[in-house]
Amino acid sequence: MTLPVIAIPADIRILDNSRWHAVHTQYVNAAVKVAKAIPLLVPALEEGHDIDAVLDRVDGVLISGSASNVHPSLYGREAKESDGPFDPARDATSLPLIRRAIERGIPLFAICRGIQELNVALGGTLASEIQEKPGIWDHRKPQVESRDDMYAIRQAVSVREGSCIARYLGLSGEIQVNSLHRQAIDDAAPRLQVEATAPDGTIEAVSVIDAKGFAVGVQWHPEYWAETDNPSRALFEAFGEAVREYAAARVTEGALLSD
Ligand SMILES: N[C@@H](CCC(=O)NCCCC(=O)O)C(=O)O
């Protein structure tokens with residue numbers, strides 16, 4: 001059987017003074033090596049996307065992290081310069097992709113910026129510069145040279161008993177994760193169930209209530225240590241299992257339709 005295909009929406013990055021559509025290799029590696037799927041990078045288009053044309057061809061959606069922030073106008077807030085950098089093309093691609101994947105029951109795994117997009121896509125809001133709020137830790141990317149140190153596992157997260165994340169991890173309670181973000185979920189969207197929190201109360205994982213299948217978001221970065229860290233691996237293995245199940249159902253459905 002051919003490998004299932006996972007859509008990963010790209011960022012717009014400026015390299016050599018020109019615009020590129022880019023996805024960081026850590027997301028590609030986790031999809032290939034742990035989820036056992038083929039990533040299909042989706043260009044970030046501010047307009048003209050045909051979301052169903054993309055989703056008709058994939059078996060899962062992985063929404064990656066990014067240093068850019070969701071534009072505040074998308075959750076009813078005024079944009080301040082300090083809320084940037086922005087990536088409107090990424091926003092215009094990710095948000096409809098998330099909404100439509102949920103409607104169609106396509107497995108969805110949203111990471112860091114991805115959980116923030118998931119929340120905004122379903123009607124929630126974001127808080128900026130959370131480290132400046134009383135009692136909130138500094139969750140920002142460590143200012144270090146080595147990427148391994150940047151993505152070092154350094155923070156406790158409490159996973160709720162009976163949650164989807166607990167099911168995928170095979171455990172609930174405290175796990176250790178990495179942290180590289182200055183924004184977080186403020187008002188959780190009505191359709192999201194909070195599944196894990198940091199000791200300072202920051203929402204660290206959610207699931208989509210009444211989702212047809214795998215539909216979760218995490219604020220940390222399981223992709224980075226997906227091959228070596230048990231909770232990271234467990235999440236990508238569960239996502240890969242959901243994607244394979246969806247792919248098999250799609251093949252069966254196609255066979256029935258062609259009869
Ligand atoms: N921009 C958002 C989301 C942060 C995120 O996705 N971080 C991963 C990328 C880190 C980097 O390459 O800078 C926020 O800051 O909350």
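In listed order, ligands and their atoms are each counted from 1.
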* Would you call Arg104-Asp56 a salt bridge at under 4.0 Å N-O? -> yes

* Ser94 (side chain) donor-acceptor with Asp91 (main chain) under 3.5 angstrom -> no

* Report yes if the distance between the aromatic ring centroids of Tyr168 and Phe239 is under 6.0 Å, otherwise no. => no

* To do: Taking the side chain as every heavy atom from C-beta outward, state whether Arg90 and Ile63 have any atom pair closer than 4.5 Å.
  => yes

* Over 60° means perpendicular and under 30° means parallel, so classify the ring planes of Phe86 and His71, tilted if in between. => tilted

* Asked: Within the distance-only criterion (no hydrogens, no angle test), does the side chain of Asp87 pair as donor or acceptor with the backbone N or O of Asp11 below 3.5 angstrom?
  -> no

* Structure fact -> Expected contact list for ligand 1 at under 4.0 angstrom, heavy-atom basis, is Gly65, Ser66, Ala67, Ser68, Asn69, Cys112, Arg113, Gln116, Lys141, Tyr151, Leu180, His181, Arg182, Gln183, His221

